[in-house]
Trainee: 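Mind having a look at this structure? Questions to follow.
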Amino acid sequence: MSTAQEAPTSHYVPKSQRVLACILCQQRKVKCDRKFPCANCVKSRAQCVPATLLPRRPRRKIPERDLYDRLRKYEDLLRQNNIKFETDDHALLEDDRPINDEHVNNSEEVDEPSPATTVKSSASTNAKNFWHAMRERYPGSDNDSGTSHEEATEATILGAWDQLFSNDDHLIFGARQTTVDLSSLHPEPAQIFKYWQVFLDNVNPLFRVVHTPTMQARVIEAIGDLKSMSPAFEALMFSIYCIAVVSILAEDFTAHFGAAKLGQNELVAKYQFGCQQALLNCGFLRSSDRDCLTALFLYLISVSMSTDPRSLSSMLGLAIRIAQRMRIDTESACAEHGVFEGEMRRRLWWALVHLDTRVGQLADYKPQTFTPIWDTRLPLNVNDADLRPDMKEPPAVHPYPTEAIYIVVRGFVADFIMNTSLHLDFVAPRLKPIAKASQQSLEPGKGELDALENMVEEKFLRYCSEENPLQFLTIWETRGFLTKVRLLENYINPSSLPRNEASLDKGVLYASQMLQIDTRIMASPLTKPFHWTSPYNFPFPAYIALANELRRQPFRDDAQQIWEVMSDNCDIRLITTFKSKSAFFTLFSKVIMLAWWARQKSGQADDMPEPRIVSKMKQAMEASGEDTLPLIEPKDGLGLEDPMTGFGSDQYAQQSAPQYPMPGQMTFNMDMNFGWPAVDWGVAQSNAWPGGQFL
DNA sequence: AAAGTCGGACTTTCAACAGG
DNA sequence: CTGTTGAAAGTCCGACTTTC
């Protein structure tokens, strides 16, 4: 055994710092020199993946009663065969089983968490179960114990469905292609480790729907025999390949995978096809397997960047419905599955809610998932190493940031927003009575946001380190999100009426802050692993707010600063967000060009150099053959007065800005003729509160 | 012949327990 | 608290198979 060295991986730091043989050496059962990369991996040009220590299972205890039963059985066998033996009759002949010995007979089941000890179901919040109700209505209808009878009845019915509807999986992904040998679609073992590592680096920190230590063990086991993994696990593996490839930035792809036979897009398509087939294999529409739903979730994220948000939202509805059938939206149902499984279910539910909400915003749909009609509690602030499949007691929650800090803070913020009257006024006013009472006493809007901001800073962010990539992301994404909420609240909250210069200046302040925070996140090398999600977080509302203000007051004192802030952000965003000529880019560039055009056409002397963002827009538009002039030219001067201010009545604005029955009549003063279906300015278009826009 | 696979003996670790 | 126990986790030898 080698001496302890520093653990080489940052994902999962076990208590012990011992260094294990790398995964490939473990797999090959050969000596590993424990350098990373190790000699064997260097020799075979394989990706050297450090192994992580598996959480130790507690020793299996065979219940006393079971031991006695077995002993009796063997003694009987000895007697039957006339073999003499000595026995402590006193101990064995008496049936001295403890009165309260409720151990199950099957010793294999001893390690299973006992629902009775782990469930603290709240009667008031627990939805009734039909089978349970039947049992209560007609007691004594059988000799079986209550729960098992209900389960048996339920299982019988479900089994009957299985037989009645043998194959309905083609509903979504088409018919299962029986000619496809899925095992041939898996990557090479060394590549599988690579994808796994990429997944751990780029994806899992943001969702934590995969438990690293147990999954790693399963991955190693599966690689040994790709043909015999369970269908649900195979779907999960494929979804990990999908999302891993998607999460690698295009410019890094060659560095990761060399000159592969297939390009990145082809590779994604291959694994997405494999994932679809694997999902069909496990009957994902009717499955209640968490691996299966996790696979569907990761698959949907992997297609999200290349799918119309409306289609994606529909597919997510499917996933949400499956999750609801599995009752992972119900705390007591999660708790029934024990500490480990329950926690993983909570993480999955929250991940689904976040994605559904975000995609719903893009698709101009208000998902009901982002309302307090379910009660799955927040994920715990614990490391994966603290969670073990066999644990009976919940792990101690850390006061300091753990691997789960991102999902914990995101969940905390979402949970708060979901219960604010500001949010419920927009999405479901009738739910206000069931929202958390503690938040109802706060003043809608500002009071609520102040309280949230203070709590988040006090409870989480002040413990986070800017040196740690995930914690850095957590700090700034949370602050950025809260600034975004303030920006939008500033425009839509009726209480801030009448609009005046002060409120508009606040809008400019919030929008500038939002862009600066986004620039900070995007510019930091620490967040690079997570840049693949950046298109989702494009600070479009900030650009719109600033551009509108610059159109209204092209020569305001801080105009140059505002252009600078936008240019700084654009320097980074232009590369990371806009891949090519797209409808979104067209829209975005028009917004910016209109603002610049307003200044140019004013006739005032202007010594401010052309902002970088404008130069870049022009270059990009010229390169794609687009006209750099605004699409619609105002007839009489410029649309300087913004309808959301209530100042003046600009002909251009009145003609082009759509009328929405909004609090504060908030519309952004820009023409809406760019053909962009339902963009992230949800506020302007859909009367939606953007609380959930926090992927 | 070199490289890869894997049965299984062996070592290490550490939770659980016993005893002071 | 310390020492002991023993199950589980981890290691890797060496026989065997596959590949080039």
Side-chain angles (χ1 to χ4, degrees), chain A residues 1-9 11-68 70-71 88 91 98 101 103-104 106-114 117-118 181 183-184 186-194 196-197 200 211-229 258 261 338-340 382-396:
Chain A
M1 205 67 225
S2 69
T3 53
Q5 296 169 21
E6 197 182 338
T9 170
H11 310 296
Y12 163 52
V13 182
K15 278 177 217 158
S16 152
Q17 294 290 297
R18 67 193 268 223
V19 177
L20 305 183
C22 80
I23 299 239
L24 216 61
C25 289
Q26 280 188 346
Q27 163 82 13
R28 287 179 173 165
K29 298 191 179 183
V30 290
K31 188 168 171 60
C32 181
D33 62 11
R34 288 144 209 264
K35 289 168 186 160
F36 295 99
C38 75
N40 285 324
C41 289
V42 169
K43 201 172 165 189
S44 60
R45 291 187 194 169
Q47 170 77 14
C48 190
V49 181
T52 49
L53 209 54
L54 273 180
R56 186 173 284 256
R57 272 186 290 166
R59 283 194 233 169
R60 213 181 76 181
K61 267 198 304 185
I62 302 174
E64 203 173 294
R65 169 177 154 176
D66 195 43
L67 276 179
Y68 282 139
R70 285 197 205 178
L71 202 49
D88 179 358
D101 185 357
H103 284 301
V104 286
N106 184 353
S107 62
E108 296 304 317
E109 290 173 15
V110 169
D111 288 344
E112 293 299 314
S114 148
T117 60
T118 50
D181 173 17
S183 64
S184 68
H186 285 278
E188 295 295 307
Q191 295 270 305
I192 293 180
F193 286 129
K194 210 162 196 174
W196 171 239
Q197 195 63 44
L200 292 180
H211 183 250
T212 309
T214 49
M215 184 66 186
Q216 181 146 300
R218 293 171 75 193
V219 170
I220 293 165
E221 196 185 330
I223 284 172
D225 188 4
L226 289 175
K227 284 188 187 283
S228 59
M229 56 176 89
K261 275 181 245 163
V339 175
F340 176 83
V382 293
N383 290 311
D384 274 7
D386 303 323
L387 285 170
R388 294 153 43 144
D390 48 32
M391 66 198 309
K392 302 282 193 290
E393 295 298 321

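Reminder, nothing fancy here: chain letters follow the sequence lines and each chain counts from 1. For clarity, every value in this text was computed on a predicted model and none was experimentally measured.
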Trainee: Specify the closest pair of heavy atoms between A/Met229 and A/Ala222, including all atoms of both residues, with the distance to one decimal.
Mentor: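 Taking every non-hydrogen atom into account, CE-CB, 3.8 Å.
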
Trainee: Please find the pair of heavy atoms, one from A/Arg34 and one from A/Val19, that lie closest to each other, and give the distance.
Mentor: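 Closest heavy-atom pair between A/Arg34 and A/Val19: NH1-O, 2.7 Å.
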
Trainee: Figure out the CZ/P separation between A/Arg34 and B/dT12, and round it to whole Å.
Mentor: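 A/Arg34 atom CZ is separated from B/dT12 atom P by 11 Å.
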
Trainee: Show your reasoning for whether side chain to side chain contact (heavy atoms under 4.5 Å, CB included) applies to A/Cys38 and A/Lys31.
Mentor: CA-CA 10 Å; A/Cys38 75; A/Lys31 188 168 171 60; over 6 Å; no

Trainee: Atom pairs, N/O to N/O, protein against nucleotides 6-8 of chain B, distance under 3.5 Å?
Mentor:
{"unit_1": "B/dC6", "atom_1": "N4", "unit_2": "A/Arg28", "atom_2": "O", "d": "2.7"}
{"unit_1": "B/dC6", "atom_1": "N4", "unit_2": "A/Lys29", "atom_2": "O", "d": "3.2"}
{"unit_1": "B/dG7", "atom_1": "N7", "unit_2": "A/Lys29", "atom_2": "NZ", "d": "2.5"}
{"unit_1": "B/dG8", "atom_1": "O6", "unit_2": "A/Lys29", "atom_2": "NZ", "d": "2.9"}

Trainee: Using atom NZ of A/Lys31 as one end and atom P of B/dA3 as the other, report the distance to the nearest whole Å.
Mentor: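 Taking NZ of A/Lys31 and P of B/dA3, I get 19 Å after rounding.
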
Trainee: For A/Val42, which residues count as a side chain to side chain contact (heavy atoms under 4.5 Å, CB included) partner, sequence neighbours excluded?
Mentor: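 In terms of side chain to side chain contact (heavy atoms under 4.5 Å, CB included), with neighbours along the sequence ignored, A/Val42 is linked to A/Pro37.
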
Trainee: Are any protein N/O atoms closer than 3.5 Å to N/O atoms in nucleotides 15-20 of chain C? If there are, list each pair with its distance.
Mentor:
none

Trainee: Taking only residues two or more places apart in sequence or in another chain, which ones pass side-chain hydrogen bond (donor to acceptor under 3.5 Å, both in side chains) with A/Gln216?
Mentor: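 Partners of A/Gln216 by the side-chain hydrogen bond (donor to acceptor under 3.5 Å, both in side chains) criterion, ordered by chain and then number, come out as A/Thr52, A/Trp196.
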
Trainee: Could you check whether A/Cys25 gets within reach of a base, just the sugar-phosphate, or nothing at all, counting any heavy atom under 4.0 Å?
Mentor: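 Contact class for A/Cys25: none.
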
Trainee: Taking NZ from A/Lys43 and P from B/dA1, how many angstroms apart are they, rounded to a whole number?
Mentor: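 Spelled out: NZ on A/Lys43 to P on B/dA1 is 16 Å.
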
Trainee: In whole Å, I'd like the distance from the CG atom of A/Asn40 to the P atom of C/dC12.
Mentor: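 Interatomic distance, CG of A/Asn40 to P of C/dC12: 10 Å.
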
Trainee: Rounded to the nearest Å, what distance is computed from the CD atom of residue A/Gln26 to the P atom of nucleotide B/dC10?
Mentor: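 Rounded to whole Å, this separation is 21 Å.
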
Trainee: Of all heavy-atom pairs between A/Val219 and A/Ile192, which one has the smallest distance, and what is that distance?
Mentor: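 Answer, listing the atom of A/Val219 first, then A/Ile192: CG1-CG2, 4.1 Å.
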
Trainee: Just to verify, what does A/His186 make a side-chain hydrogen bond (donor to acceptor under 3.5 Å, both in side chains) with, not counting sequence neighbours?
Mentor: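 Per chain and number, A/His186 pairs via side-chain hydrogen bond (donor to acceptor under 3.5 Å, both in side chains) with A/Glu234, A/Tyr241.
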
Trainee: Reading DNA chain C 5' to 3', how would its secondary structure be written in dot-bracket notation, given Watson-Crick and G-U pairs with both distances under 3.5 Å, brackets [ ] for crossing pairs and | for partners on other strands?
Mentor: |||||||||||||||||||.

Trainee: If I compare all heavy atoms of A/Pro395 with all of A/Val382, which pair ends up nearest, and what's the gap?
Mentor: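 Smallest heavy-atom distance, with atoms named: CG-CG1, 3.9 Å.
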
Trainee: Check for a donor-acceptor pair, side chain of A/Asp33 on one end and backbone N or O of A/Ala39 on the other, with a separation under 3.5 Å.
Mentor: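 Here the side-chain-to-backbone pair exists.
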
Trainee: Using every non-hydrogen atom in the two residues, find where A/Cys41 and A/Cys22 come nearest and quote the distance to one decimal.
Mentor: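 Of all heavy-atom pairs spanning A/Cys41 and A/Cys22, the closest is SG-SG, 3.7 Å.
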
Trainee: Where the side chain of A/Asn40 meets the backbone of A/Cys32, is there a donor-acceptor pair that is under 3.5 Å apart?
Mentor: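 Not at all, since once roles are kept as given, no pair shorter than 3.5 Å links the two residues.
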
Trainee: In this structure, how many angstroms lie between the P atom of B/dC14 and the CZ atom of A/Arg388, rounded?
Mentor: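 That distance rounds to 12 Å.
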
